[in-house]
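These notes concern the structure reproduced below.
Since the model is a prediction, treat every value here as computed from it, not as a measurement. These values consider heavy atoms only, across backbone and side chains, with no hydrogens, waters or symmetry-generated copies. Positions are given from 1, in the same order as the sequence printed here.
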Amino acid sequence: MRFWTTVKLWWNIATTDPDADDDDDDDDNDDGPANIYLTSIFRYASPTDRLFLASAVLASLVNSTTSFAWTFILVTVSQIMTDFANSDKSTPARIEDARQLFQTQILRFVLVFMGLAVLYLFSGSLRVYLWTRVSERVALQLRNKFYDKVMRKDISWFENHSSGELVTHLTSHIDSIQMGVSDTLGVIMEGLFTFAIALIYSATVGWRLALPIIALTAFMVVIGTVAYRFAVRRLKRNLNAREKAGQVATEALTHIRTVKAFGGEQREQQKYAVHLKEIEKQHSQRGFILGLEQGVESFYSHAVYAFGIWYGFKLFLAGSITGAAVLQTLLLLLLGVDTLTEAISSMGDVHTATLAAARIFRIIEEDDNKIMLSDTPPLISASGSALMPTLEKPTAKSNSPLIEFKNVSFAYPSRRDVQVLDAFSLSIRKGQTVALVGSSGSGKSTIVSLLTRLYEAGSGDVLLGGVPIKQMAPKALRARFGVVSQEPVLFDTTIFQNVAWGAVDQDITLEQVQMACRQANVHEFITSLPNGYDTKVGEKGVLLSGGQKQRIAIARALISDPEILILDEATSALDTKSERVVQAAINKIMVGRTCVVIAHRLSTIINADQIVVMANGKILESGNHQTLLSNATGPYSALVKAQEMRKTDPAATKESTDEADEKETAQQPEQPRAESTDSEDADEIQVTADSSQKTWRFPLLRVIPFCRPNLVFLFVALFTSFLNGTLLPIFAGATSTMFSVFNVAPDPANQGTVNFWTMIFLILSIADFITPIIRRGLYFKVDAQIGNILRAKSFEAMLRQEISFFDRPENGVGSLAAKLASEVDRIGPCVGGSRFGLIIQALGGFGVGIVLGFMNAWQVTLLALACVPFLTIGIFWELKSNDTIADESAEAHEQACKFATDTLKNIRTVTLLGLQETFINLFEEQTQQPFINNLKIAAKASLGVGFKEAMEFASYGATFYYASRFVLDGTRTPNQVVIALFVVLYSSNSIGWMYYAIPAFARGHTAARSVFKIIDRKPAISNNNKNNNNSNQSFPSQVTNMKFSGVHFSYPLRPEVPVLNGIDFESLRGKTVAIVGASGSGKSTIVSLLMRLYDATRGTITVEGHKIQDWDVTQLREHMALVGQEPSLFSGTIADNIAYGARSNDYVVLRDEIQAAAKMANIHEFVESLPDGYDTVLGESVGVSGGQKQRIAIARALIRKPDVLLLDEATSALDSASERVVENALKEASAGRTVISIAHRLSTIQGADLIIVMTSGNIVESGTHRELMDKGGVYSSMIASQAGEAVRAA
């Protein structure tokens, strides 16, 4: 019977060795971790939680007595009716006595029914509420524990775990665990208790009948065990595929600008589709396996029941058991099986929960890597004092080193065969400024990572104040550093909070933040914003320009007044003026501090006490600027010569410097790229969903069209569900006919009747063998395909949206990933899956039951039907409450997921700032409120369940009492009444199947509404121009000319903040146009408009004479290639990343083409030096230095062979040698192409055919280098500034 399979599955789940290996599986390595103990899911439960868990189990136990009570009363009442019908009615007195006895007995049992209604009102409500609380607590604890544990991991751990994978754990997997230990588990336990009661009772009243039935179940255990193993294997692979799909989606959404720039939407969809196919394959196979398992078990259970009828009659004839005992034993077993049949489709939820928990616990409980957050105690001396060095600001330099590297060798854990530092030794004294220079990948940034204990040295020692830093608590160690990295990271909160987090353990005031921002030359910009320091910067600071982000990051580093300052290309993203001012501020705060500076611009480090020149992880030479320059053939001298500017006329520029500075300062304040707003009236550029969306009050109905490819499968599955439902009342009717056999004295003449019905039961068992195989197999197949269609369409819709959609706070990567990971899963089962099937099954069972009831006693059937509305009140009561829970939980969990994604993707910055504890606390706050709200709503929902169960027993009492009147009056025989009662009331349990489906429909309704909101959204910038009136125009196959005419622009989220103010310029056909100016002046915005990432607010942009809006966006972008200031690489090989730039019709890229592009970008030799060469896999945390990333990005752009090359600080992260080589490569690649180049290093654009100088969204001057120098304006001032720095460097 199904019970035995459930017992076996329960046992397997509860006793599986978590370290067990599936040796018989060839793909074990891909299947993920083994299953775990079910009880292990509750391992973090507090004593209070365990009390609630025990109470929930107890409530399930009490509720499990419903079947026993109902069966016992039914058999007893049927016996009373039969006794009354067969009583002595020879005299009026005897008739009256029989009537009085009959009425008294019936009334007693009616009162028992009413008492049970009150009992189950409380037990039913408590069961649902307690199990809901248990599941909510488990999910809350696991989310918080998982996030807490992950945030405390060292950086090397993230090289093998992407943020997409971790977000999938936080959403889909923990949702699966919550579902598996919710009321679903309570229902399964209730079924177990029900059958246990049946076994105990049957063993008490008729062990001779119970014993062989139990013995015959051994065969089912074997079948179930084999099927279980196969099903779990498929489920593991399904979860693996889901993780990989989640990783692809998260990565694509994170780098959406790069995806759109290179027309990578289709590529990303194809990568996503590969994993979706695997999900569908494993899910479908699992469905057929479970269907076969259930079919065999159904056949076996009915066959055993047939045997029970036949064998029970034999014992009855022999006098070994009473007829009532036979009926009660068999009916209890039948109802026990029925209870589990209702929950059998949810058994997979428990399987999924334990497998998902295994993955969660593997991360939570795995041994930590070498570096902990703050638990490592400082080294203690014999006197008991801590040996953590105190780093007071010295009054005079000490000869003893403060920072010391002793023979340090290091290789990144992901590539241990590539040595990054080789026996590296360096000493830095207190108050000394040491600059590290050298080519990209020489190991400079690695030194910072080792010094801050992001990684541990492979060999050798890193000492601080003479103490090995591995003996120091990392958080306390990092608190002494102020770090500004090459790629600044800001968090999705206010500017004030971003800066204040630089001193996480201090109470920072607004005045302190403002002081730090003044030092970083960003205060004036911030105060010019409408919300000032309360301005939100967006996810990853996307609403600010690169320079604005960098200056805020500098302010964040300064606010803690650090004793050691680490600047890793801290001014690389700044314009000339900002760099000069910020560098002066940095020079001021460097006084009295120990400073480690990494720089490619040698003009920023000429005053360093020591300059260390590195290559291949070794020191080539070191000394101060003058000492190193004295060696004319040395590597430092070569670097300085490489950065010498082209000849300029210092006299011509000198006199204009002051005047130009005044002009520049007089311009209006710089503006942000965009700013988020909390106003509900904020406009979003969006064409809303088509009008049909407004007419769909029930979004689940909209999924039906997606079933079209599988309509035949779906109809067959629904038909088998209907057939399966009809078997229940037929089975009940056949069973009720046995009452007339067992309620009278044993009579051998009834053997023929017993044999007949035994055959009927066998026939029913054959039908129940076939239908589950078809039903479950097809449901899983349709469910998987619907899920994949919705996932694919949702992902396609997300990639289709314009960039301003992703700028909005509610559309963060985490929120969108959560929709794909978990919300889609809730839709399929409601339309093409098992939950929908339960509704059809319930209708079939209840409908046939009513027909059979009318055939035997229509009056009793009518009364039973009159009770149905009272049962449905409770059902819809719970439905409404669950819908509210689903709505509120979805929104809250999306926000928590967005927060987690933001922090996990930027874990390096989080770790350096010591923000783990802060973010852990914030995450817990975000998850706590939904928990409290859900419990309040669950209390209301549970009352609906209790009301339903109370109404069932009240209805039973009323129906029994009413039916007894017909027996009393003699208008119906006891057999007719019993058949009607048994069939109708037993079939009314079919409504219970609807009850089990209702929570899923509530969740599915909410999920469908959310998913279709994305699918229906029409982007403001479409990927095609099919609906454009000019779509029939002929567009040129080559793009070289672009023109801006009166272009104004404001970002959609902040329309009142102008970014471009009526600019006019025309690119020269096949020439280079350079755009220069202060950070935030609108330079990068021009590139965004050219690629139609945004549309101009006013004015016209034409490309080859056609309005840019008339172009097909995909076709337009195929003519362009972008190299951004902060390049984004994707998971995959280096070859894949370079090939990503190929045009959409060139998917197959030859290795020779990839290598040619890499050589042009000066990255080929580095790639070839890696053990796996171009097949080296890059990941979110695996990989390459900033300069190496930039060169790979340049190669990606060059392989595109674009007509228009867009360079947004393309060489900002390169060392001098690489910059010179890449510049020459770009110059060669620019031949015959139109180039738009944005640069702060003016030496890189002096040969441009047109130079445009911008300030605060305005073009203040334009011309060639010579023309602008002759004007003596802003450009001349900028040149003079950089020329002076070059002279000082020389």
Please check this pair: side chain of [X] against backbone of [Y], looking for a donor-acceptor N/O pair closer than 3.5 Å.
X	Y	answer
Glu802	Pro1019	no
Lys1083	Met1254	no
Glu1261	Tyr1275	yes
Thr433	Ala608	no
Asn921	Gln916	no
Asp902	Asp492	yes
Arg453	Met472	yes
Ser1050	Val1057	yes

Near-ring test Phe899/Phe919, centroid separation under 6.0 angstrom: yes

Side chain to side chain donor-acceptor pair (under 3.5 Å) partners for Gln801, two or more places apart: Arg1017

Residue list, side chain to side chain donor-acceptor pair (under 3.5 Å) with Arg556, at least two apart or on another chain: none

Side-chain heavy-atom pair [X], [Y] within 4.5 angstrom cut-off:
X	Y	value
Thr903	Ile907	no
Ile598	Leu567	no
Val1123	Gln1190	yes
Thr493	Asn498	yes
Leu436	Val596	yes
Leu477	Thr452	no
Leu166	Leu170	no
Phe158	Val150	yes

Verdict with reasoning, Lys819 to Ser1010, per side-chain hydrogen bond (donor to acceptor under 3.5 Å, both in side chains): CA-CA 8 Å; Lys819 293 182 189 296; Ser1010 175; 2.6 Å; yes

For [X] against [Y], the heavy-atom pair lying closest together:
X	Y	result
Thr250	Ala817	OG1-CB, 3.8 Å
Leu490	Ala553	CD2-N, 4.4 Å
Ala555	Ala520	N-CB, 3.8 Å
Ile605	Ala599	CG2-CB, 3.9 Å
Asn144	Thr927	OD1-OG1, 2.9 Å
Arg478	Leu912	CB-O, 3.9 Å

Candidate pair His523 and Ile526, rule side chain to side chain contact (heavy atoms under 4.5 Å, CB included), full reasoning: CA-CA 5 Å; His523 173 72; Ile526 296 172; 5.6 Å; no

Residues forming a side-chain contact (heavy atoms from CB on, under 4.5 Å) with Leu510, sequence neighbours excluded: Phe496, Gln514, Tyr533

Pairing of Arg152 and Glu917 as salt bridge, 4.0 angstrom limit: yes

Ion pair Asp1095/Arg1092, N-O distance below 4.0 Å: yes

Going from [atom1] on [X] to [atom2] on [Y], what distance comes out if it is rounded to the nearest 0.5 angstrom?
X	Y	atom1	atom2	answer
Glu924	Gln928	CD	CD	8.5 Å
Leu1060	Ser1081	CG	OG	9.0 Å
Asp568	Ser445	CG	OG	3.5 Å
Gln512	Thr509	CD	OG1	3.5 Å
Leu915	Thr909	CG	OG1	9.0 Å
Thr911	Asn906	OG1	CG	10.5 Å

Qualifying residue, where the test is side-chain contact (heavy atoms from CB on, under 4.5 Å) with Ile495 and the options are Leu529, Asp534, Asn531: Leu529

Pair Ile1086-Ile1063, side chain to side chain contact (heavy atoms under 4.5 Å, CB included): steps then yes or no: CA-CA 10 Å; Ile1086 291 175; Ile1063 67 170; 3.8 Å; yes

Steps toward side-chain hydrogen bond (donor to acceptor under 3.5 Å, both in side chains) verdict (Ser1088, Arg257): CA-CA 9 Å; Ser1088 296; Arg257 283 168 171 78; over 6 Å; no

Pair Gln497-Thr494, side-chain hydrogen bond (donor to acceptor under 3.5 Å, both in side chains): steps then yes or no: CA-CA 5 Å; Gln497 189 62 73; Thr494 64; 5.5 Å; no

Partner of Tyr1094 under ring pair (Phe, Tyr, Trp, His ring centres under 6.0 Å), chosen from Phe1049, Phe805, Phe806: Phe1049

Step-by-step side chain to side chain contact (heavy atoms under 4.5 Å, CB included) determination, Leu454 to Asp154: CA-CA 7 Å; Leu454 295 181; Asp154 65 71; over 6 Å; no

Worked verdict on Val499 versus Cys517 for side chain to side chain contact (heavy atoms under 4.5 Å, CB included): CA-CA 8 Å; Val499 177; Cys517 290; 4.0 Å; yes

